[in-house]
Participant: 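The following block contains the structure, expressed as structure tokens.
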Amino acid sequence: MRVLVVGSGGREHALAWRLARSESVSEPFAAPGNSGTALVGTNLPVSDTDVDGIVAAAIAHDIGLVVIGPETPLAMGLSDRLAAAGITAFGPSRAAARLESSKSFARSVLDAAGVPGPDYRVFQSVSGALNYVDSHDRPVVVKADGLAAGKGVALCANREQAHIAIRACMEDRIFGDAGATVVVEDWLHGPEVSVFGFADGENLSAVTAATDYKRIGEGGTGPNTGGMGSYGPPHFWNDELAEQIRQEYMLPVIRELANRNAPYRGALYCGLMLTDAGPRVLEFNCRFGDPETQVVMPQLLSDPVDVMLACATGSLHDVAPVRWSQRPAVAVVMVSDGYPGPYQTGFPIAGLDDDQTDDVIVFHAGAQLADDGSNAVLTAGGRVLACVGLGDTVDEARNRAYRRIDGISFEGAYHRPDIATEAAVAMAGAQESAC
């Protein structure tokens, strides 16, 4: 089967890499892809938001399965368009993807499903939001209701910070129309965990988990990013917790969406905070996370094509149970100087020629091949690549990831030195938390 991965980031390279290792795949494609997906397949010059172009490319290249990586094409209804053209797609419909594209919708689903989260209020007026935080005596989290490239969340320790965040969303529109409505939630504390499973509209596979590090600086300092690293399974993860989250937090949401005639088929990502009162849902996303995918794809033991086709066709119960390795994996992200603020691109990346092994993998993100035919790899984004190490212990996996990073260089390269260290693991709670 020919498969097409939609997207251009590290998540998409990890998905293409894992699909390419399946005996069911004859040729992987990516649209538009990056320098990493070019190593395992063929890149197509089609934007991930060009719905018509992706449908046309899937038809032209006789694609048997389209795997949609990012949230934006899902919110645009790419799965629906592919289905209408008779093309099998792994990724929820536009209606089901509202679970991520509208935080207020997601909260209504959680309430109806009886899934616990933080106390919250939804506001469409600046004055209402400001009055609420003025009367509220606890720290809050201000979230733009719509998609904001993972950056529409502000952790506000006091009223002044909350005022700034609300006005930035609703008056200054720094996130565009995504900030026209805001959700104000109580700020929770505890370890944060990203939980992933495969859903077919009714059933949910066994789940796995990873921890993401959002802050740019060592020790969880500085501004939020799209993710500076990840590790999994987390030190607190066990079979009992996995089944509790699957049964009590994720399956009820799948059933509620089915009741709303929006069956959820695809990867389901549940972001939770493990508070003293028990797990509380911070968010649901309608795709795999980034950089968590770079950790969980090497841990997926089942054939991804079998599982993804079963999800798309509502037949997950007909395939063998999904299996995840519990072998620790650590991903460390290298970024461009200035990120998450302004940064320059086009710098050559040295040190990528070393052979990859089953225990050390480099996933490309904001990186592209030079257009001069030289096969040189150039920086093309803020988050440039992720080095992943696997091992029998977290320490062994982390050491392998950092040793690989030491062999890669480009102008202005930066990475956090503390991903999955004992101190960073202990701090992966309030200071790191952001959806």
Side-chain angles (χ1 to χ4, degrees), residues 7-14 16 30-39 43 45-50 69-72 147-154 168 172-176 178 212-230 289-291 293-294 331-354 361-388 401-402 404-419 434:
S8 62
R11 166 182 49 221
E12 287 72 42
H13 184 193
N34 59 30
S35 51
T37 58
L39 296 174
N43 288 348
V46 183
S47 168
D48 58 21
T49 57
D50 181 358
E71 62 273 22
T72 299
L147 296 178
K151 299 177 182 177
V153 177
D172 301 336
R173 295 296 180 93
I174 62 171
F175 304 115
D212 182 18
Y213 293 84
K214 288 287 189 184
R215 303 284 187 168
I216 187 70
E218 182 176 1
T221 58
N224 284 327
T225 71
M228 294 298 295
S230 181
D290 189 342
T293 308
Q294 292 88 306
V332 183
V333 175
M334 297 183 76
V335 303
S336 298
D337 182 37
Y339 177 81
Y343 54 84
Q344 294 182 323
T345 61
F347 299 115
I349 305 173
L352 294 177
D353 295 334
D354 291 352
I361 313 161
V362 179
F363 289 123
H364 299 202
Q368 292 289 350
L369 293 174
D371 57 11
D372 59 4
S374 66
N375 288 325
V377 180
L378 308 178
T379 64
R383 290 189 298 161
V384 177
L385 54 85
C387 291
V388 179
Y402 277 105
R404 186 67 186 93
I405 270 192
D406 288 342
I408 299 173
S409 62
F410 55 87
E411 186 171 334
Y414 167 78
H415 64 271
R416 273 184 61 165
D418 64 339
I419 301 300

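Sequence positions, counted from 1, serve as the residue numbers for this chain. The figures here come from the full heavy-atom set of this structure, side chains too, leaving out hydrogens, waters and symmetry mates. Not measured: the values here are computed from a predicted model.
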Participant: Counting N and O atoms only, with roles assigned by atom type, does the side chain of Thr379 sit under 3.5 Å from a partner on the main chain of Gly366, one being a donor and the other an acceptor?
Facilitator: no
Participant: Between Tyr402 and Cys387 (side chain of the first, backbone of the second, donor and acceptor by atom type, cut-off under 3.5 Å), is there such a pair?
Facilitator: no
Participant: Distance check, rounded to the nearest 0.5 Å: Ile349 atom CD1 versus Gln368 atom CD?
Facilitator: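 One finds 10.0 Å between CD1 of Ile349 and CD of Gln368.
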Participant: Quick check: do Val335 and Val384 have side-chain heavy atoms less than 4.5 Å from each other?
Facilitator: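 In short, these two side chains do not touch, never coming nearer than 4.5 Å.
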Participant: Calculate, to the nearest 0.5 Å, the distance between atoms CG and CG belonging to Leu39 and Asn375 respectively.
Facilitator: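 Atom-to-atom, Leu39:CG and Asn375:CG are 9.0 Å apart.
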Participant: Around atom CG of Asp371, are there more than 12 heavy atoms of other residues, nucleotides or ligands at under 6.0 Å?
Facilitator: no
Participant: Hey, what do you get for CZ (Arg383) to OH (Tyr343), rounding to the nearest 0.5 Å?
Facilitator: 10.0 Å
Participant: If every non-hydrogen atom of Tyr339 is compared with every non-hydrogen atom of Gly226, which pair is closest and at what distance?
Facilitator: OH-N, 2.8 Å
Participant: With a 3.5 Å distance limit and no angle check, can you tell me whether Arg215 reaches the backbone of Pro223 through a side-chain donor-acceptor pair?
Facilitator: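 Not confirmed, Arg215 side chain does not pair with Pro223 backbone.
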Participant: What orientation do His364 and His13 show, parallel under 30°, tilted 30 to 60°, or perpendicular over 60°?
Facilitator: perpendicular
Participant: Quick check against the 3.5 Å criterion: does Asn224 have a side-chain atom that pairs as donor or acceptor with the backbone of Lys214?
Facilitator: no
Participant: Between Asp172 and Ile174, is there a donor-acceptor pair closer than 3.5 Å when you use the side chain of the first and the backbone of the second?
Facilitator: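 It does not hold such a pair.
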Participant: Which heavy atom in Ser336 sits nearest to a heavy atom in Gly381, and how many Å separate them?
Facilitator: OG-O, 2.8 Å
Participant: Can Tyr414 and Ile216 be said to form a side chain to side chain contact (heavy atoms under 4.5 Å, CB included), step by step?
Facilitator: CA-CA 10 Å; Tyr414 167 78; Ile216 187 70; 3.9 Å; yes
Participant: What's the shortest heavy-atom distance between Gly33 and Asn43, and which atoms?
Facilitator: CA-OD1, 3.8 Å
Participant: Measure the spacing between CZ of Arg416 and CE of Met334 and express it to the nearest 0.5 Å.
Facilitator: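 Going from CZ on Arg416 over to CE on Met334, the span is 15.5 Å.
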Participant: Say whether, by atom type as modelled, one donor and one acceptor occur between the side chain of Asn34 and the main chain of Ala365 under 3.5 angstrom.
Facilitator: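 Indeed, once roles are kept as given, a pair shorter than 3.5 Å links the two residues.
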Participant: Donor-acceptor check, side chain of Asp290 to backbone of Arg11, threshold 3.5 angstrom: yes or no?
Facilitator: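 Confirmed, Asp290 side chain pairs with Arg11 backbone.
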Participant: Identify the residue among Ile419, Leu385, Val388 that makes a side-chain contact (heavy atoms from CB on, under 4.5 Å) with Val332.
Facilitator: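 Of Ile419, Leu385, Val388, side-chain contact (heavy atoms from CB on, under 4.5 Å) with Val332 is met by Ile419 alone.
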Participant: Heavy atoms only: give me the nearest Val377-Ala367 pair and the separation to one decimal.
Facilitator: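 Shortest heavy-atom contact: CG1-CB, 3.9 Å.
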Participant: Verify, without hydrogens or angle tests, whether Ser8 (side chain) and Pro32 (backbone) share a donor-acceptor contact under 3.5 angstrom.
Facilitator: no
Participant: Which atom names give the shortest non-hydrogen contact between Gly351 and Ile408, and what distance separates them?
Facilitator: O-CG1, 3.7 Å
Participant: Which distance, rounded to the nearest 0.5 Å, do you find between the CG of Asp337 and the CZ of Phe410?
Facilitator: 9.5 Å
Participant: Return the CD to CG distance between Glu71 and Asp48, rounded to the nearest 0.5 Å.
Facilitator: 9.5 Å
Participant: For Ala14 and Gln294, work out which heavy atoms get closest and say how close.
Facilitator: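 For Ala14 versus Gln294, the nearest heavy atoms are CB-CA, 4.1 Å.
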